[in-house]
Protein chains: 2
Amino acid sequence: MPVPRAAKTQRRTRIQEEKEQIILEAALDVFSLHGFKGSTIDQIAEVAGMSKPNLLYYFRTKEAIHRALLDQVLDTWLDPLRELDAEGDPVAEIRSYVRRKLEMSRDYPRESRLFANEVLRGAPSIQEELADLKALVDEKAQVIRAWIKAGKIARCDPYHLIFSIWATTQHYADFDAQVRAVLGPDKSGEGRFEDAARFLEQFYIGGLQLR
Amino acid sequence: MPVPRAAKTQRRTRIQEEKEQIILEAALDVFSLHGFKGSTIDQIAEVAGMSKPNLLYYFRTKEAIHRALLDQVLDTWLDPLRELDAEGDPVAEIRSYVRRKLEMSRDYPRESRLFANEVLRGAPSIQEELADLKALVDEKAQVIRAWIKAGKIARCDPYHLIFSIWATTQHYADFDAQVRAVLGPDKSGEGRFEDAARFLEQFYIGGLQLR
DNA sequence: TGATAATTTGACCGATTGGTAAACAATACA
DNA sequence: TGTATTGTTTACCAATCGGTCAAATTATCA
């Protein structure tokens, strides 16, 4: 009797749920640090505390782990942007968005780096997801444009505004090594995120204010 | 008589100069696209138009190519920041810095991605260079602080100001795949850099203006 | 309990990869 | 021209890696 691959059966056993989460957690550690090609199944298996064949019982290929991880991460990654509310106060909404994105860099740096790795390589495995992303950004760009038209915030290109928010906030996760090197050991504690928050808040409010 | 490795002799033959540049150029192509682990010596050799052992005659290891490339790139990478002039007009100086950094993202995206790859992985091979970087940033942060003290620009954290300039400008090279996906095919020409320049200029001038 | 399905492991395999050895070809230069 | 040096290639090796297989072990449940 051949053993059915875990992924084939409809997810039912408790042990499958658990082990798959353990594997994805370990894979996030490894992939975010070494990239896809730089990571080995053995490394992931070791971090996950199981043998390589055992890991491959739950995910048939290295690629499958990577895909599952990206799917899981990308979904939550865009939540802050989804929450941008056309009905809210424009400046407050953007300030909240910046703050939430910065918090994600602080609390989920591995996820940020996993994503950065993927995009750096030309985003080969997330083309469809990028289409969804475009749709969401298009929608929110319209919201921002409406705010501009209504004279609520300064005139600017909404797409590049969003890019700048992504860039400035994710920088603290993706370029952490550089940020720490520049700030030095004393300023490299969690306090750097509060300094960053202060700076970004002031900057975006100033930049968006009508003048 | 054993053949002396090219790197050992003092660089003299014309052919060594040429081939080493060809190799570094090819390696930049490959490393910036696939990362260090994701790149193979065979790939670099093929792009360079020579055999693998021939390439290894000029650089003894894959690591050596990578190091040579990083050294060469990092040196020019900081030029724009070096040019930030304490004697110039503060707002104009920062505007020039932003513009130059953005031009580097447009004209040297491979260099940007090579660097991003390295920092993403924790910057293992450029620790000393990061120390130089810190010294330079410290110096320029003092310049900015002086401008603030003199009431020439708005009060803000100079380190995070510099981080934000790095982040927003390099974003267009490092996250090119995402930027293109969001802007769509029509807006993905070189024109996106002019839109970005307009946005960033307005934003930094607005953010730094006294109010 | 016993049978059946699910889980785990050690041994292994073929492909790829970084790097070497040694012979061969081209060049510089006395 | 001859010879020593530099440059190039073919063949190869050892290590690593993604993945398989069959057997062993454990959980499930009638």
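Numbered from 1 within each chain, the chains take letters A, B, ... in sequence-line order.
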Output side-chain donor-acceptor pairs under 3.5 Å for residues 68-79 of chain B, partner residues at least two apart or in another chain, one line each.
| residue | atom | partner | partner atom | Å |
| --- | --- | --- | --- | --- |
| Thr76(B) | OG1 | Val73(B) | O | 3.1 |
| Asp79(B) | OD1 | Arg82(B) | NH1 | 2.6 |

Output side-chain donor-acceptor pairs under 3.5 Å for residues 36-49 of chain A, partner residues at least two apart or in another chain, one line each.
| residue | atom | partner | partner atom | Å |
| --- | --- | --- | --- | --- |
| Ser39(A) | OG | Val30(A) | O | 3.2 |
| Ser39(A) | OG | Gly35(A) | O | 2.5 |
| Thr40(A) | OG1 | Gln43(A) | N | 3.0 |

Please tabulate, one pair per line, all N/O donor-acceptor pairs under 3.5 Å involving side-chain atoms of residues 159-167 of chain A, not counting sequence neighbours.
| residue | atom | partner | partner atom | Å |
| --- | --- | --- | --- | --- |
| Tyr159(A) | OH | Asp138(A) | OD1 | 2.5 |
| His160(A) | ND1 | Tyr172(B) | OH | 2.6 |
| Ser164(A) | OG | Leu161(A) | O | 2.8 |
| Ser164(A) | OG | Tyr204(A) | OH | 2.8 |
| Trp166(A) | NE1 | Tyr97(A) | OH | 2.9 |

Would you tabulate the nitrogen or oxygen pairs shorter than 3.5 Å linking the protein to nucleotides 26-29 of chain D?
| residue | atom | partner | partner atom | Å |
| --- | --- | --- | --- | --- |
| dT28(D) | OP1 | Arg14(A) | NH2 | 3.2 |

For nucleotides 9-15 of chain D, which of its nitrogen or oxygen atoms have a protein nitrogen or oxygen under 3.5 Å away, and what is each distance?
| residue | atom | partner | partner atom | Å |
| --- | --- | --- | --- | --- |
| dT9(D) | OP2 | Ser51(B) | OG | 3.3 |

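In this entry the distance linking CG of Leu56(B) with C1' of dA22(C) reads 16 Å, nearest Å. Regarding Glu18(A), its CD atom lies at a distance of 17 Å from the P atom of dA6(C), rounded to whole Å. If you measure from atom NZ of Lys19(A) to atom C1' of dT7(C), you get 8 Å, rounded to the nearest angstrom. Note: CD (Gln16(B)) to C1' (dG7(D)) measures 9 Å, nearest angstrom. Summarising the geometry, the separation between CD1 on Ile65(A) and C1' on dG19(D) is reported as 12 Å, rounded to the nearest angstrom.
Within the 3.5 Å criterion, the main-chain N or O of Leu84(A) finds no donor-acceptor partner in the side chain of Glu93(A).
Residues satisfying the side chain to side chain contact (heavy atoms under 4.5 Å, CB included) criterion with Ser51(B), sequence neighbours excluded, are Pro53(B), Asn54(B). For Ala197(B), the side chain to side chain contact (heavy atoms under 4.5 Å, CB included) criterion is met by Leu102(B), not counting sequence neighbours. The side chain to side chain contact (heavy atoms under 4.5 Å, CB included) search around Pro185(B) returns none, not counting sequence neighbours. Every residue was checked against the side chain to side chain donor-acceptor pair (under 3.5 Å) condition with Arg67(A), not counting sequence neighbours, and none meets it. Listed by chain and number, the residues in a side chain to side chain donor-acceptor pair (under 3.5 Å) with Glu25(B) are Arg110(B) (sequence neighbours excluded).
Sorted by first and then second residue, the side-chain hydrogen bond (donor to acceptor under 3.5 Å, both in side chains) pairs with a member in residues 178-195 of chain B read Asp176(B)-Arg180(B), Asp176(B)-Arg192(B), Lys187(B)-Asp195(B), Asp195(B)-Arg198(B); sequence neighbours excluded.
Once rounded to the nearest 0.5 Å, the distance linking CG of Leu114(A) with CG of Asp29(A) reads 11.0 Å.
Remark: nothing in residues 29-49 of chain B comes within less than 4.0 Å of DNA chain D through any heavy atom.
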